[in-house]
Amino acid sequence: MKFQTQIPINKAENQIDYSSKLVLLGSCFAENIGNKLAFNKFQSVLNPFGVLFHSKAIENLVSKAITKDYYAEEDVFFSNERWHSFDVHSNLSNVSKQELIFQLNRRLDDFLVALKNATHIIITLGTSWVYEHKQLNKTVANCHKVPQKAFNKRLLSVEEISISLEKIVRGIRLINKGVHFVFTVSPVRHLKDGFVENQQSKAHLIAGAHQALLRLRSASFDEKEVDSSKQGSMSQKGSLLSEEDNAVDETEGTLEQVENMLYGSENMLEVDRNMSEVSENMMEVSENMMEVSENMMEVNENMLSGDETYFPAYEILMDELRDYRFYKEDMIHPNSIAIEYIWERFIESQISEKAYGTMGMVETIQKGLNHKPFNPKSELHQKFLKSLEEKKKALKNLYSFIDFG
């Protein structure tokens with residue numbers, strides 16, 4: 001007899017192993033999976049700007065990192081005896097304005113490096129509800145306990161979420177063509193928004209993620225349709241897509257100028273033969289600009305490569321673990337048993353079987369490091385410590401980046 005339904009999950013085509021470099025972004029459930037990956041010593045970067053609950057917040061920071069749109073004094077504010085940024089979590093807030101700006105810009109640089117080197121980017125969406133600052137006219141990542149009257153609260157549409165995810169993928173692929181994306185929706189319930197409102201929010205996230213996946217996978221994806229429906233939170237200074245469009249426009253404009261000069265070269269030569277040298281130089285410019293145009297076309301093709309998948313974390317908790325015994329005392333967050341179960345399904349889906357042996361070795365060492373002996377000076381415990389060190393060295397020889405501290 002079967003006492004539960006189980007969601008079928010296919011093995012991901014682009015699996016994670018110990019050579020993979022991971023970036024995890026999003027809600028607090030991203031932290032749960034990220035901590036599991038860190039415990040198993042995978043190469044991973046987890047939420048460098050703290051927990052980000054919605055796609056607009058992720059989109060904004062991806063854009064700022066790629067365009068090197070650094071923070072300045074006008075981008076931070078003082079409240080409750082600390083300096084904050086509406087773009088990041090309150091864990092990064094600081095008593096010093098200059099220190100906050102310095103830390104944010106350093107993290108932008110590190111984030112850019114991580115995005116360039118990543119093989120997999122895992123994005124976990126938490127909510128469709130967002131707060132828009134009335135005076136600044138921007139969607140914030142965190143309100144930092146600023147009075148609610150300063151914001152308008154609204155629900156992102158399925159279309160807005162889809163477009164936001166597409167912008168994230170397309171933007172990152174401008175600097176990292178081969179990166180793979182995994183979308184997931186957090187099973188953590190946001191009941192402060194209301195029970196019905198939480199379900200509506202999750203429904204928008206799921207529909208938006210799948211709509212983005214369909215578009216990104218489709219060879220007939222119509223970029224003009226996306227451009228016309230842009231309502232992105234990226235600033236004019238930081239918009240990745242507008243920069244791409246401007247680059248193409250500049251290419252076409254320059255080529256037109258080149259053609260005009262070439263067509264008029266015979267008349268120019270009659271006036272002054274020295275202009276032939278100018279014509280040759282402009283032809284060289286034309287060739288260079290054509291090369292830029294071809295590179296941009298190659299980027300566009302890679303944007304639609306289809307290396308995106310969906311992991312059903314929300315669906316697993318709602319369907320396979322539909323019992324309050326799998327929640328913490330607040331009846332909102334999944335407990336350790338639920339997290340462990342979803343982690344096992346994540347391994348089954350996303351992690352290569354060739355990594356399982358190494359994961360077992362890491363777990364053995366981690367348990368050994370946490371072991372508390374009755375007699376630390378005993379001969380038996382000293383042998384245990386020696387054996388543990390040998391295992392650590394053997395693993396270090398296999399993977400130089402693994403460090404147990």
Side-chain angles (χ1 to χ4, degrees), residues 9 11-53 58 61-62 89 91 107 110-111 113-126 168 172 176 178-188 307-314 316-317 333-370 391-392 395-396 398-405:
I9 303 178
K11 198 75 172 175
E13 191 172 323
N14 303 295
Q15 297 171 9
I16 296 168
D17 56 32
Y18 276 91
S19 66
S20 303
K21 294 184 178 180
L22 316 173
V23 175
L24 294 94
L25 303 168
S27 80
C28 48
F29 189 73
E31 306 265 319
N32 298 140
I33 296 298
N35 290 335
K36 290 288 187 182
L37 289 165
F39 176 87
N40 284 277
K41 297 299 178 181
F42 285 92
Q43 301 177 84
S44 60
V45 174
L46 171 62
N47 275 341
F49 299 97
V51 172
L52 302 171
F53 294 101
I58 300 171
L61 288 166
V62 167
H89 195 271
N91 287 346
R107 287 179 183 241
D110 293 343
F111 187 37
V113 173
L115 293 178
K116 286 182 176 179
N117 295 330
T119 60
H120 297 76
I121 295 178
I122 303 170
I123 296 176
T124 302
L125 303 175
I168 293 168
I172 293 174
N176 185 345
V179 66
H180 311 300
F181 288 85
V182 180
F183 297 153
T184 188
V185 172
S186 170
V188 177
D307 289 333
E308 302 87 24
T309 59
Y310 180 83
F311 175 73
Y314 175 82
I316 289 171
L317 190 59
H333 293 82
N335 62 18
S336 59
I337 297 174
I339 292 170
E340 185 64 31
Y341 181 83
I342 296 174
W343 166 244
E344 289 177 1
R345 299 303 307 275
F346 184 86
I347 293 173
E348 174 189 336
S349 167
Q350 302 293 327
I351 296 181
S352 170
E353 293 182 8
K354 68 181 182 181
Y356 292 177
T358 303
M359 291 173 69
M361 292 173 62
V362 170
E363 185 177 7
T364 299
I365 294 171
Q366 294 280 40
K367 288 181 178 179
L369 293 172
N370 291 327
K391 291 175 182 176
K392 288 165 65 176
L395 201 55
K396 187 79 171 177
L398 288 174
Y399 302 102
S400 60
F401 59 84
I402 292 183
D403 186 12
F404 291 92

Rounded to the nearest 0.5 Å, how far apart are [atom1] of [X] and [atom2] of [Y]?
| X | Y | atom1 | atom2 | value |
| --- | --- | --- | --- | --- |
| I121 | F181 | CD1 | CZ | 4.0 Å |
| N14 | S352 | CG | OG | 11.5 Å |
| T364 | K392 | OG1 | NZ | 13.5 Å |
| E353 | E348 | CD | CD | 10.0 Å |
| Y314 | T184 | OH | OG1 | 12.0 Å |

List in chain and number order the residues that pass ring-ring contact (aromatic ring centres under 6.0 Å, His included) with [X], two or more places apart in sequence or in another chain; answer none if no residue qualifies.
| X | value |
| --- | --- |
| F111 | F49 |
| H180 | H120 |
| H89 | none |
| F29 | none |

Salt bridge (charged side-chain N to carboxylate O under 4.0 Å, His left out) against [X], all qualifying residues, sequence neighbours excluded:
| X | result |
| --- | --- |
| R107 | none |
| D17 | K354 |
| E344 | none |
| K41 | none |

- Task: Could you walk me through whether I316 and Y341 pass side chain to side chain contact (heavy atoms under 4.5 Å, CB included), step by step?
- Result: CA-CA 9 Å; I316 289 171; Y341 181 83; 3.7 Å; yes
When you measure from the side chain of [X] to the backbone N and O of [Y], does any donor-acceptor pair fall under 3.5 Å?
| X | Y | value |
| --- | --- | --- |
| K391 | M361 | no |
| N47 | L52 | no |
| S349 | R345 | no |
| K396 | I402 | yes |

Which atom of [X] lies closest to which atom of [Y], heavy atoms considered:
| X | Y | answer |
| --- | --- | --- |
| L115 | N176 | O-ND2, 2.8 Å |
| A118 | V23 | CB-CG2, 3.9 Å |
| P312 | I9 | CG-CD1, 3.9 Å |
| Q15 | S20 | O-OG, 4.0 Å |
| I342 | A313 | CD1-O, 4.0 Å |

Taking the side chain as every heavy atom from C-beta outward, state whether [X] and [Y] have any atom pair closer than 4.5 Å.
| X | Y | result |
| --- | --- | --- |
| L25 | I122 | no |
| T124 | V185 | no |
| I58 | I168 | yes |
| L369 | F404 | yes |

- Query: Mind checking whether Y18 and Y399 have ring centres under 6.0 Å apart?
  - Reply: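 Close enough - the centres of the two rings lie under 6.0 Å apart.
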Name all residues meeting the side-chain contact (heavy atoms from CB on, under 4.5 Å) criterion together with [X]; count only those two or more places apart in sequence or in a different chain, and write none if there are none.
| X | answer |
| --- | --- |
| L46 | L24, E31, N35 |
| A338 | L317, L321, F326, P334, N335 |
| I351 | I16, L37, F42, W343, F346, I347, A355, Y356, M359 |

- Item | Lys/Arg N to Asp/Glu carboxylate O, K36 vs E340, below 4.0 Å |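 Yes, charged N to carboxylate O under 4.0 Å.
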- How far apart are the C-alpha atoms of L22 and V45, what are their side-chain angles, what is the distance that settles it, and do they pass the side chain to side chain contact (heavy atoms under 4.5 Å, CB included) test? CA-CA 6 Å; L22 316 173; V45 174; over 6 Å; no
- Item | Partners passing side chain to side chain donor-acceptor pair (under 3.5 Å) against Q366 (at least two apart in sequence or in another chain) |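 With neighbours one apart ignored, the set is empty.
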